[in-house]
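What follows is a set of notes on a single structure, which appears directly below.
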Protein chains: 2
Amino acid sequence: MTPSPAAGESVEDRVLDAAGELFYARGLQAVGMDAIRGASGVSLKRLYQLFPSKDALVEAYLRRRDEHWRGALARHVEAVPAGPGRVLAVYDRLGQWFAEPDFRGCAFVNSFGELGGTSPVVAGLARAHKDAFRRYVADLVDAAGAPATLTDPLVLLAEGAITTAALSGSAEPARHAREAARVLLDAVTTPGRTAG
Amino acid sequence: MTPSPAAGESVEDRVLDAAGELFYARGLQAVGMDAIRGASGVSLKRLYQLFPSKDALVEAYLRRRDEHWRGALARHVEAVPAGPGRVLAVYDRLGQWFAEPDFRGCAFVNSFGELGGTSPVVAGLARAHKDAFRRYVADLVDAAGAPATLTDPLVLLAEGAITTAALSGSAEPARHAREAARVLLDAVTTPGRTAG
DNA sequence: CAGCACGGAGAACGATCGTTCTCCGCGGAT
DNA sequence: ATCCGCGGAGAACGATCGTTCTCCGTGCTG
């Protein structure tokens with residue numbers, strides 16, 4: 001039906017690809033609809049036929065980013081054998097991500113910082129993304145036979161690694177988080193003293 | 001010299017107080033100079049005499065916030081006896097902060113997410129703030145007699161707690177981070193097995 | 001070939017924002 | 001009492017942006 005001049009992707013995908021790259025690199029408010037038109041090659045008229053407003057495009061961007069990000073994580077994690085190794089694989093995936101040349105932190109944290117105070121939609125999508133990530137880690141912890149109390153510390157390490165990698169421009173935080181996670185897993189497997 | 005109608009604070013302080021509250025609550029770009037004029041009661045003409053541009057005001061806001069934030073942390077930490085307890089006191093201070101009614105995450109992370117991709121000044125100030133925090137934690141770790149390798153994991157826990165508390169609207173992450181930090185400190189004090 | 005619906009390019013419009021300018025009233029000096 | 005200069009209120013200006021509209025060329029239908 002609709003001709004696809006670049007590749008086999010639909011016009012909507014081309015728009016979302018271009019918009020996603022720009023939004024992530026420069027921030028939501030800094031990217032105008034005109035820049036998206038230029039990057040996607042889709043006319044303004046068609047843009048507004050596909051998405052009724054910039055807000056709707058931002059929402060679509062965040063929803064798609066959530067899917068893609070969690071999909072890539074799951075694919076990486078599920079390539080390693082079931083067990084505690086899958087928990088550690090989360091940090092390996094983070095390390096891969098941090099090393100990507102255009103990495104600039106978590107799109108949801110960035111969007112929340114920019115618009116979370118004003119836009120309930122953006123705030124809600126960011127919360128939903130983090131909740132889904134936490135649930136995923138909780139499932140991995142459970143499947144590894146580790147106590148559920150480990151979930152929150154492990155999530156905090158991941159979250160801290162993302163922010164620290166973004167600000168410092170280094171992929172090192174992934175290794176630090178992974179090592180700390182291993183210590184936590186060991187500490188709970190081999191109970192030392194539990195001080196008050 | 002300059003009359004201070006509200007309290008003993010200078011006009012510059014009144015501006016920075018008002019601008020800081022607005023910038024933090026709504027984001028940098030969402031706050032216009034007119035809103036700052038309204039909130040501070042300082043005329044536009046005087047605003048531009050004190051700060052040559054909005055960018056300069058943003059920079060002054062971030063510099064002052066760095067000072068205040070780290071000052072409050074140091075005051076809290078130094079109220080507890082020297083030793084490992086001071087490391088844990090960091091997370092207690094975070095818990096206090098998270099419970100403040102207008103808490104909305106780290107102002108530097110938020111600003112970086114919004115303008116870090118565009119403004120080298122904002123990116124640099126955010127990096128400097130995080131570096132200073134890391135150095136402070138490193139000093140506490142050192143003073144506690146703990147190995148320096150603990151610094152990075154402890155910082156990741158703190159960073160993750162800040163982000164998670166902001167997104168979830170809960171102060172719980174401070175407790176989780178504190179407990180994980182205690183386990184890490186214990187694990188290194190009482191060496192269990194160190195697997196490869 | 002004439003008529004027509006569609007889509008693209010980009011102008012137009014209204015709103016907002018950073019920044020500057022104008023106008024006016026007040027307080028101090030002579 | 002008159003003049004002067006400072007500061008405030010807010011209009012003005014130029015730029016940008018989201019959104020819509022106009023105009024034109026193109027390809028299909030009879």
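Each chain gets a letter, A, B and so on, in the order the sequences are listed, and its residues count up from 1.
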Which pairs, protein N/O on one side and nucleotides 6-10 of chain C N/O on the other, fall under 3.5 Å?
| unit_1 | atom_1 | unit_2 | atom_2 | d |
| --- | --- | --- | --- | --- |
| C:dG8 | OP1 | A:Arg46 | NE | 3.3 |
| C:dG8 | OP2 | A:Ser43 | OG | 3.0 |
| C:dG8 | O6 | A:Lys45 | NZ | 2.6 |

Let me know the distance between [atom1] of [X] and [atom2] of [N], rounded to the nearest Å.
X	N	atom1	atom2	result
B:Met33	D:dC13	CE	P	21 Å
B:Asp55	C:dC17	CG	C1'	13 Å
B:Tyr48	D:dC6	OH	P	22 Å
A:Arg26	D:dT16	CZ	C1'	14 Å
A:Leu47	D:dT19	CG	P	11 Å
A:Phe51	D:dT19	CZ	P	13 Å
A:Asp34	D:dT19	CG	P	13 Å

| query | Applying the side-chain contact (heavy atoms from CB on, under 4.5 Å) test to B:Val137, which of B:Asp152, B:Thr151, B:Leu157 qualifies? | reply |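 Option passing the side-chain contact (heavy atoms from CB on, under 4.5 Å) with B:Val137: B:Thr151.
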
| Residue of the set B:Val80, B:Leu184, B:Leu140, B:Val77 for which side-chain contact (heavy atoms from CB on, under 4.5 Å) holds with B:Val87 |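 Going through B:Val80, B:Leu184, B:Leu140, B:Val77 one by one, the side-chain contact (heavy atoms from CB on, under 4.5 Å) with B:Val87 is satisfied by B:Leu140 alone.
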
| task | Check whether more than 12 heavy atoms from other residues, nucleotides or ligands sit under 6.0 Å from atom CZ of B:Arg127, and answer yes or no. | result |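 More than 12 within 6.0 Å, yes.
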
| Does CD in B:Gln29 sit with more than 12 non-hydrogen atoms of other residues, nucleotides or ligands closer than 6.0 Å? |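 Check passes, neighbour count above 12.
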
| task | From the options A:Trp69, A:Tyr24, A:Phe98, select the one residue that forms a ring pair (Phe, Tyr, Trp, His ring centres under 6.0 Å) with A:Phe103. | result |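 When A:Trp69, A:Tyr24, A:Phe98 are each tested with A:Phe103, the ring pair (Phe, Tyr, Trp, His ring centres under 6.0 Å) holds only for A:Phe98.
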
| field | Short side-chain donor-acceptor distance under 3.5 Å, B:Arg93 and B:Gln96 | value |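 Looking only at side-chain atoms, B:Arg93 and B:Gln96 do form a donor-acceptor pair, the distance falling under 3.5 Å.
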
